[in-house]
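From a predicted model like this one, the values you see are computed outputs, not experimental measurements.
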Amino acid sequence: MLVAAALVSCTQASSGGGPGTDVPTASADRARIAEDAENADLAEREATAEEPTAVPTPGPALVRDAFATLQATLGDTCTPGAGDCAYFLGRVTRELTELDESMRADDKGPGHFKKPLADMKVLFDKLGDDRSEAHLEKYFSEIVGTRDGISTWMQDHPDDYR
């Protein structure tokens, strides 16, 4: 608005008159300035509205990152049947799934990760789609064994996680 007032003052001064002189021109200038400001505001709102609002989803985590989160579970455990396994087994299974995805998407290709991918496939085939606590507890040894086996394999391949 301050810019509009300054432009009006400049227009009045350049036309040779002050306030009250050549009122129709000053009114027309004010109307034009107001319309330009309104059009600029409208254009800005439209530009903002056209920006995508959806946040792009990241692709599979790097193998290094996925392995790090799986390794974070190495000191954890639970007691099947005691009611404390839902979180632990769910987390390990989720971490293995993310590692599987990242290994398949890695630039080295799934052939480089043949052993861990094969181990995870065997586990996932046994688990199927059921992720209930009772079902995961049934496969406790397989889940923990797969996690530990992949950890050992990865330790022999430091270039994949450093």
Side chain proximity check, Met120 to Met103, heavy atoms < 4.5 angstrom: yes
Side-chain heavy atoms under 4.5 angstrom apart, residues restricted to Ile, Leu, Val, Met, Phe, Trp, Tyr: same cluster for Leu74 and Val144? no
Compare all side-chain heavy atoms of Met154 with those of Pro116 and state whether any distance is below 4.5 angstrom. no
So do the side chains of Phe124 and Thr97 get within less than 4.5 Å of each other, counting heavy atoms only? yes
Could you grab the distance from atom SG of Cys85 to atom CD of Glu137, nearest 0.5 Å is fine? 4.5 Å
Report yes or no: do Trp153 and Ile143 belong to one cluster of Ile/Leu/Val/Met/Phe/Trp/Tyr joined by side chain heavy-atom distances under 4.5 Å? yes
dist Asp129:CG -> His135:NE2 (nearest 0.5 Å) comes out at 9.0 Å
Hey, is the main chain of Leu89 close enough, under 3.5 Å, to the side chain of Thr93 for a donor-acceptor pair? yes
Would the distance check show the side chain of Thr69 and the main-chain N or O of Ala66 forming a donor-acceptor pair, the cut-off being under 3.5 Å? yes
Nearest 0.5 Å, please: how far is CG in Leu70 from CG in Asp65? 12.5 Å
Any non-hydrogen side-chain atom of Phe113 less than 4.5 Å from a side-chain atom of Val63? yes
I'd like to check the side-chain hydrogen bond (donor to acceptor under 3.5 Å, both in side chains) partners of Lys138; sequence neighbours left out, ordered by chain and number. none
If you define the side chain from C-beta out and look only at heavy atoms, does anything of Arg91 sit under 4.5 Å from Asp76? yes
For residues 105-112, which side-chain donor-acceptor pairs fall under 3.5 Å, sequence neighbours excluded?
unit_1	atom_1	unit_2	atom_2	d
Asp106	OD2	Lys108	N	2.9
Lys108	NZ	Asp159	OD2	3.0
Lys108	NZ	Asp160	OD1	2.5
His112	NE2	Asp160	OD1	3.1
His112	NE2	Asp160	OD2	2.8

When you compare the side chain of Leu127 with that of Leu123, does any pair of heavy atoms fall below 4.5 Å? yes
Derivation of the side-chain contact (heavy atoms from CB on, under 4.5 Å) call for Val122 and Glu142: CA-CA 9 Å; Val122 168; Glu142 289 88 345; over 6 Å; no
Under a 4.5 Å cut-off applied to non-hydrogen side-chain atoms, are Cys78 and Tyr87 in contact? no
Residues Ser102, Phe67; criterion side-chain contact (heavy atoms from CB on, under 4.5 Å); working and verdict: CA-CA 9 Å; Ser102 65; Phe67 178 58; over 6 Å; no
Residues passing the ring pair (Phe, Tyr, Trp, His ring centres under 6.0 Å) test with Phe140, sequence neighbours excluded, are none
Answer whether the closest heavy-atom distance between the side chains of Asp125 and Lys121 falls below 4.5 Å. yes
Using modelled atom types only, decide if a donor and an acceptor are shared between the side chain of Asp84 and the backbone of Thr79 within a distance under 3.5 Å. yes
